[in-house]
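Order of the sequence lines sets the chain letters (A, B, ...), proteins ahead of strands, with each chain counted from 1.
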There are 2 protein chains.
Amino acid sequence: MDSTRYSLLSAAAELFAARGFDGTTVDEIARRAGANKAMVSYHFGGKAGIYEEILATTFAHAAGEVQAILDEGLPAGETLGRFTRAFLRLVAERPHFPAIMLREAMSGGRHMTDRVLPHFVGVFLRVRGIIERGIAEGEFRPVDPVLTHLALMGSLLFFPATEPMRERLTRDGKIPIPEFLDAESYVGNLHALLLAGLRANPASPAA
Amino acid sequence: MDSTRYSLLSAAAELFAARGFDGTTVDEIARRAGANKAMVSYHFGGKAGIYEEILATTFAHAAGEVQAILDEGLPAGETLGRFTRAFLRLVAERPHFPAIMLREAMSGGRHMTDRVLPHFVGVFLRVRGIIERGIAEGEFRPVDPVLTHLALMGSLLFFPATEPMRERLTRDGKIPIPEFLDAESYVGNLHALLLAGLRANPASPAA
DNA sequence: GTCTATAGGCTGATAGAC
DNA sequence: GTCTATCAGCCTATAGAC
């Protein structure tokens, strides 16, 4: 039910991720969704409306997930693991979200209304809080939590967002890009690397 | 001399980084450069031309820098340090490059011609090679070099590229974002974190 | 090299029939 | 809810004067 609405949202997310807000036309969204051009205005009030809808629902969902993880009150290292796994789930459900979020950040949040911004801020503050707690409880080395948190988010978002480039490189056959490059391996490797780099006590190997 | 040409390139890079190729108009480029609209076509053959010129010169420069570092033949850990410092120099000279590169990667290299692609591939393969050598020589743990290399590039590019968002958040005053968030601190923290995570022998602390 | 004027194409939105 | 037809605005590129 409401399948036109859903198809439009899905097609729009894919296009916004690959080409950005300005690079995507309403006509393309409708065509890919198998719907009529005018339906974008009817259901979402226009191109800006469907974009904001995607941002808002995804950020709200993500913020809720992160909060739920924090509420479990696990040690920082485990919380980090829960977070990276939650990130994997999010990407599996909404594969186009990382690119949209990166584009938004690079544009200074030009399309982020007051409906979206609090969720965005919420996610960032909470993830940072995980690292801060790890340091406060002596589980992590005293790295700078903000810088470390940004490094983590950058790595996490980068991989799914740049999938189109790897696809291009393999398709062209110009570059030997390995086969097994799935998000799970990537996040697993990153998590192990990060834990190894953060551990206050380097005695326990994380690999 | 040739100041119009230079002004146009500079203005275009800033706008392409912040708004992407499609979000930038030739008119804006000219206005910001204090030049005439028609000069973009005259000097670069059009909007696509000036964009490609920016991509090509920057990638060629970056590829050369990375190659020079590899030619020194230092141990992997030190080579990584040389690389991150070279990255800092690049960002200081061309602050808009990370965002342009990220956008390009997310678009599947839509604007990457055969003039640009080899340099792009060259940089990636060489950076990956640093990690591979560290593993081969026993200096690094046997992590996956491709996954680790992507994590590093993601972190490095993310910070300078998302500067507009941090600027927005501080300007709005809605979020407490620290002051000292400069690229040098960021890259320094990242490098230390990565080395600590990669070290085959965890005895030597990297903090 | 630089500028003005304009052509020509594309885009987002909507009025109105069904 | 869906579709067609259409309009007004914006954008890139260029011809031609200087």
- [ ] Using atom CD1 of A:I29 as one end and atom C1' of C:dA13 as the other, report the distance to the nearest whole Å.
- [x] 13 Å
Task: Gap between atoms CZ and C1', on A:R19 and C:dT11 respectively (whole Å) - done: 15 Å
Task: Out of C:dC3, C:dT14, D:dC3, whichever nucleotide has its closest atom nearest the side chain of A:S41 - done: C:dT14
Open item on the list: Rounded to whole Å, please give me the gap between CE in B:M39 and P in D:dG16.
Closed with: 16 Å
- [ ] Provide, to the nearest angstrom, the distance between the NZ atom belonging to B:K37 and the C1' atom belonging to C:dC3.
- [x] 13 Å
- [ ] With the side chain of A:H43 defined as its heavy atoms from C-beta on, choose the nearest nucleotide among D:dT2, D:dT12, C:dC3.
- [x] D:dT2
Open item on the list: Using whole Å, what does the distance between atom C1' of nucleotide D:dG1 and atom OH of A:Y42 come to?
Closed with: 5 Å
Task: Which atom of A:L195 lies closest to which atom of A:G77, heavy atoms considered - done: CD2-CA, 4.1 Å
Task: Aromatic plane relationship, B:Y51 with B:F21 - under 30° parallel, 30 to 60° tilted, over 60° perpendicular - done: perpendicular
Open item on the list: Under a 4.0 Å threshold between the charged nitrogen and the carboxylate oxygen, would B:R115 count as salt-bridged to B:E53?
Closed with: yes
TODO: Return the nearest nucleotide to the side chain of B:K47; candidates are C:dT14, D:dA13, C:dT4.
DONE: D:dA13
Open item on the list: Angle between ring planes, B:F120 versus B:F59, binned at 30° and 60°: parallel, tilted or perpendicular?
Closed with: perpendicular
Task: Whole-Å gap separating C1' (C:dC10) and CG (A:D22) - done: 14 Å
Open item on the list: Measure CG/B:D27 against P/D:dC10 and give the value in whole Å, please.
Closed with: 11 Å
Task: Distance below 4.0 Å between B:T4 side-chain N/O and C:dT2 OP1 or OP2 - done: yes
Task: d(CG, A:N36; C1', C:dA17) in whole Å - done: 13 Å
